[in-house]
Amino acid sequence: MKFELTEEQIGIKNAVKEFCDKEFKTEIALELDKKEEFPMELYKKAAKLGFTSMFFPHEYGGQGYGLLETCLVIEELCRADSSLGVAVSSGNFGSELILVHGNKEQKEKYLPPICRGDFISAAAFTEPNVSGSDITRMETTATKYGNEWWINGTKTFITNATIADFMVVLTQTDTKIRPTYRGETLFVVDKGTHGLETTKLHNKMGIRCSVTGEVRFDNVKVTDWNIVGELNRGFYYSMEFFDKTRVGVAAQAVGMAQGAWEIAFKYSKQREAFGQPIIQHEAIGCMLSELATKIEAARLLTYKAAWLIDAGKMDPMATAMAKQYASRVAMETTDFAIQTLGGYGYLGEYRVERYHRDAKITEIYEGTSEIQKLTVLKYLLRKF
Amino acid sequence: MDVIVCVKQVPETAEAELKIDASGKKIEKTGLVFDINEWDDYALEEAVRIKEKFGGTVTAITVGPEDSDSTLRKCLARGADKAIRLTDPKFEGSDAFATAKILHSVIKTMHFDLILTGAQAGDDGSAVVGPVLAELLGVPHAAMVKKIELGEGKAVVNRELEGGLEERLEVKLPALFAVQTGINEPRYVSIMGIRKAMQKEIKVMRLSDTGLNESEVGESGSWLKIEKLYVPPVEKQAEFLQGSPDEIATKIVEILKSRGLI
């Protein structure tokens, strides 16, 4: 058993940290959080340095690393700034489906620009009447007419919806088959395809630099070429996809928790009350020590889940544990960070209130905490 | 154009709580974060830019413990081709003169057109390793260099002087330049760079590889000995001036004049 990062992995963390220390300025985050805008310039800069293409192979311009290295990057991005970090690390959301299941032509078309940072991608699963937690039946359909597939339906809460250059969408291609999930297929659809309409959703609680929107498909016509992987295998691909990306969400949560904790820790050493720094008051000091312990535990769960996937031993229980625990720790830590800073913590420019608002999404997207607990339970029942 | 860059790994001390160890001559190093000396960072960037423009190689060299590898890896990730680490328990306690001798013992066997160092190190701030090394090698040097323009067999450099002045010099190559921060904007380390750096070798050399003997390095080979390291006592010499703004201004002028400051 080895609990150390390699020299190379430490180098990766440090590289991202140095980049963020200079580039992730609070003013930018505050402005984009207010305007609900994606940090395109930072995304492109990060891409040029390879930060957004960690797990893509060299042949498509990626860095050829695994999920663990990807998580190290995400963690550092979100530690430096929860809002900018989430946005930058989610710019390529969904393109892993092309990498894993796409054919050669699809990979050659979409992956190099994704690795360069020239493209943004999206993946569309959740629908207004179909919860993201249960994607066993889709109301969005793809129906075959001759050589064409006509896609109809609406997707919502889609990350990067309005800025994506292409989008992978889960559809019902066989409406008669039971169970229904055996009739779901993934299609890749280009931006600007006739009948594709995207609308930005406003006033999110957090991750406001990450664009979220609704996508309408009104007789969007594609061909067999656009099928990702095999027909009617979309549900399985999607579940497997989330088993991986979920670890990335855990890494976001660990990063946010660490970032907020550091702000609170530093502040508590400087701020004085009753003649001493507030960190010397045990209510503050002990809580910060306890939270540091929880963050470390969440980090280890996350690294383990990522390591298992890289070792080819994917364990959905480990993934679910990591995401559920890390997101809870992120909520607790960011909450206490506000409490530590008191009135200042409640103000935007001191950053921790934004970390708290941003952290909440990690308990919701890519599988809610409730679903994660059910997953853990399911595997526990198999084992014991 | 073959460039050698001398780098040093130093603790980040801007925000750390520093403690002096039991010997009273060093700081406690456990728990501190180490990184490349800020000035050396600029020297390395300048070297890589020269290589990119004129071709040739960049070699990063350091005298330091094993964990200096992370600083050397960073140099390799930024574009250095080779790295040399000089490590030996006998090197410990070397002052700037002894450090320059160690660097000299290796560099004199190498081909170079240019040597770059940081103007000073963030930890001991002595700012003499570069100039002493140049003297030992018998090459010209310039310190506090803010700009380097390379020509055929010579370089034109700008030096930063006190009082906002700058000096422009023509220097024969090979030469050594100790660079000031701000000479360029150091690039970020990229993931592609890290991958390449991991494939490059860090050559480790010990005392026996340098041709020096024990008495020439470490404390015995140093001209300076640290007597004591301490935190200076806080002096309270504030004087509060009373009166109307005009009266206070007059008093300030009197005080400044009496001290010969205006």
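Just so we're clear, the structure is a prediction, and the values are computed from it rather than from any experiment. So you know, we letter chains A, B, ... as the sequences are listed, proteins then strands, and number each from 1. Below, all heavy atoms of this structure are taken into account, side chains as well, without hydrogens, waters or symmetry copies.
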> Of the backbone (N, CA, C, O) and the side chain (C-beta and beyond), which part of B:Asp69 lies under 4.5 Å from a heavy atom of chain A, both, or neither?
Replying inline: both
> Aromatic ring centroids of A:Trp261 and A:Phe265 under 6.0 Å?
Replying inline: yes
> Quick one: what part of B:Met192 sits under 4.5 Å from any heavy atom of chain A, side chain, backbone, both or neither?
Replying inline: both
> Less than 4.0 Å between a side-chain N and a carboxylate O, is that true for B:Lys74 and A:Glu18?
Replying inline: yes
> Are side-chain N/O atoms of B:Thr57 and B:Asp2 paired as donor and acceptor at under 3.5 Å?
Replying inline: yes
>> Regarding B:Lys147 and B:Glu166, does a basic nitrogen lie under 4.0 Å from an acidic carboxylate oxygen?
In response: no
> At a heavy-atom separation under 4.5 Å, does A:Lys48 approach chain B through its side chain, its backbone, both, or neither?
Replying inline: backbone
>> Need one label for B:Arg73: side chain, backbone, both or neither, based on atoms under 4.5 Å from any heavy atom in chain A.
In response: side chain
